[in-house]
There are 2 protein chains.
Amino acid sequence: MEWSALRDLLAVAETGSLSAAARRLGSSQPTMGRRIEQLEKQLKTLLFNRTSKGLILTPVGEQILGYAKNMAENANAIERIASGADQSLQGVVRMTMTDQMGNYWLPTKLSEFRQRYPGLRLEIVVENRTLDLFKREADIAVRFSRPQQLDLVVRKSIDYHYGFYASKSYLENHDRPESLKDLKNHSFISYDETIFSNAALKRLENLIGEQNIVQRYTSNSGVINALTQNLGLSVVGCYFADQDERLERLMPTQFDYSFNAWVVTHADLFKSARIKAVFDFLVEKLAEDATDFAGVSSH
Amino acid sequence: MEWSALRDLLAVAETGSLSAAARRLGSSQPTMGRRIEQLEKQLKTLLFNRTSKGLILTPVGEQILGYAKNMAENANAIERIASGADQSLQGVVRMTMTDQMGNYWLPTKLSEFRQRYPGLRLEIVVENRTLDLFKREADIAVRFSRPQQLDLVVRKSIDYHYGFYASKSYLENHDRPESLKDLKNHSFISYDETIFSNAALKRLENLIGEQNIVQRYTSNSGVINALTQNLGLSVVGCYFADQDERLERLMPTQFDYSFNAWVVTHADLFKSARIKAVFDFLVEKLAEDATDFAGVSSH
DNA sequence: CCATAGCTATACAAATATGAATATTAGTTA
DNA sequence: TAACTAATATTCATATTTGTATAGCTATGG
């Protein structure tokens, strides 16, 4: 039995089709088909039922799947260890962070980074879902909640402050809210709960009332764009909102939420000079900008 | 990273050389070399140090080895499950048992077996060491101690009796021992402790004295052959010794040891019709011959 | 000190696996 | 019902992988 075929099995089972599995593994559909076919021949068992919509695991296939997943975990660990052993300051490092951090904050630091580590290339994965560091979907993540898993290296980096904002033109056409109870008279733009879910936001939404929440976005940028369209008001990160001429902060002394941001990597990877360099760079630069992330209220 | 290459890594690490690993995996030395080389390239890490005597793991390689072993365990489980799912009464079943059981007892049952299950082929692995059912070195084993591991299916099959024997010609030239204390005046042929180690034998050897133990064998057959060469006396299985015209049992009423024999297979495999058929056949035939295994004393 | 055994490394022909292109099938939608 | 979509199956030229044969290296034993 070819171990590699079990990886194929896993991909087919998880994606549901040969074609999708081939896309994930950078292979082709006929190849995947033949590999699964051969695996079945060697194991003398039917692993998938073929349909025109894809492949569905047989009961035996289901049983086997769990073991294949274990193998994948171990294979991932091996890749992490090997990466961790690489002491050269060359190669690629994948990071994941929010769209704003990735698209607006990070670029301002890149020229310095490039100067300091000319051999390193950065890949910034801006994805809304939390990428899996164990599967090495990313090497380093900036998270707004502290991950509790063992095997992770975590550094607290900044207090990221959020405040109430509205666009200036919106304020020209509406009453300016002066206290939290005024919020009931305004439309509110909020966040998709699959992305950004926390107790403070929930309480706020209760205060405002569901009927006033006119839109939900999966990103800070989306909310800011909605604000500039005069859709209403919202809570956004001060660091970015303050830079936006079109926006104005409301009730800065009464309302100032702060979330800790954390830089995270896997302990195996942290042994790598490459990963460590990027990790430390991120922590350093975030510390330098700490006061900016605190927003106008602390200026 | 190619998962199959990790299997190669495991084989090379365990055998110590590319050539030996190739033999084990049924591949060739250049292929193994290239696969390891490619794995190192993909992981960007040196995994082995090459010497003219073979390959030795680097520290990183050592770290990785453990994970590769985990993968192997899972791969083995997959193979067992697949085999267990095979409900056809066709194919090969590998058994392991002592040389006497395998070479002398079993063959007397084979024609009946063949008649009952024409599609099944048997492989009898006569090896002195205990084969690993988890690694599928064998599908079914006959053991003389009850395995304690979970996941195994175990059936008590027979009481296998051992008695004192000497060759008739030996007895013509030596005093016939009438009680255990007479044993001090005789040479004794015993068993290699890596193969057959148990408390009763130890006590007996103490009684006889190390200086009187003139030879050690790893198999019952070896001991019987030594007896017929008039090397001394020994303790052997009654079932075989009684059939041998050249041998005679000594002190049958005073000395009769019995060991339980067990038929064992892995729970995963027991689901297979093929394995179950052979397992049940073995248990059935051993039960039929149970009184024979009890030796002359019970006739 | 030479002969041998066992290993790795290299070269090249043969076997094998791959992917682009295409045919085929089965659901879904207008 | 016909057109569309997304999947699996098939074909074949091409690229890759493999094994045989061979050379080179290094310990070990008489």
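Below, each value reflects all heavy atoms present in this structure, side chains not excepted, and no hydrogens, waters or symmetry copies. This structure is a prediction, so every number in the text was calculated from the model and none was measured. So that the names make sense, note that chain A is the first sequence line, chain B the second, and so on, each numbered from 1.
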Revision key, fill the gap. Regarding the side chain of P30(B), the nearest nucleotide among dT10(C), dT8(C), dA7(D) is dT10(C)
Exercise for review: Ignoring backbone atoms, test whether T31(A) places a side-chain nitrogen or oxygen under 4.0 Å from the OP1 or OP2 oxygen of dG19(C).
Suggested key: yes
Point to revise | Length of the line joining L25(A):CG and dT18(C):P, which is rounded to integer Å | key: 12 Å
Review point. Taking atom P of dC12(D) as reference, at what distance in whole Å does atom CZ of R34(A) sit?
Key: 13 Å
Review point. Can you find a side chain N or O atom of R35(B) that sits less than 4.0 Å from OP1 or OP2 on dT18(D)?
Key: yes
Practice item. Tell me which nucleotide among dC7(C), dA9(C), dT8(D) gets nearest to the side chain of S17(A). Key: dT8(D)
**Study point:** Whole-Å gap separating C1' (dA11(C)) and CD (Q29(B))
**Key:** 13 Å
Review point. Nearest-Å distance, CD1 (I36(A)) to C1' (dA9(D))?
Key: 15 Å
Practice item. Using atom CG of L39(A) as one end and atom P of dA17(C) as the other, report the distance to the nearest whole Å. Key: 14 Å
Point to revise | Whole-Å gap separating C1' (dA17(C)) and CD (E2(A)) | key: 11 Å
Check your understanding: How is G54(B) classified with respect to the nucleic acid when contacts are heavy atoms under 4.0 Å: base, sugar-phosphate, or nothing?
Key -> sugar-phosphate
Check your understanding: Distance only, no hydrogens: is a donor on one side chain within 3.5 Å (strictly under) of an acceptor on the other, for T45(A) and E40(A)?
Key -> no
Review point. Are S19(B) and dT8(C) close enough that a side-chain N or O sits under 4.0 Å from OP1 or OP2?
Key: yes
Point to revise | NZ/NE/NH1/NH2 to OD/OE distance under 4.0 Å, R34(A) and E2(A) | key: no
Point to revise | Rounded distance in Å - CG (L18(A)) to C1' (dT18(C)) | key: 15 Å
Exercise for review: Determine whether the side chains of S83(A) and R136(A) contain a donor N or O and an acceptor N or O closer than 3.5 Å.
Suggested key: yes
Check your understanding: What is the distance from CD of E37(B) to P of dA9(C), rounded to the nearest Å?
Key -> 7 Å
Check your understanding: Do the side-chain N and O atoms of S190(B) and E205(B) include a donor-acceptor pair separated by under 3.5 angstrom?
Key -> yes
Check your understanding: Are a donor atom and an acceptor atom from the side chains of N212(A) and S187(A) found within less than 3.5 Å of each other?
Key -> no
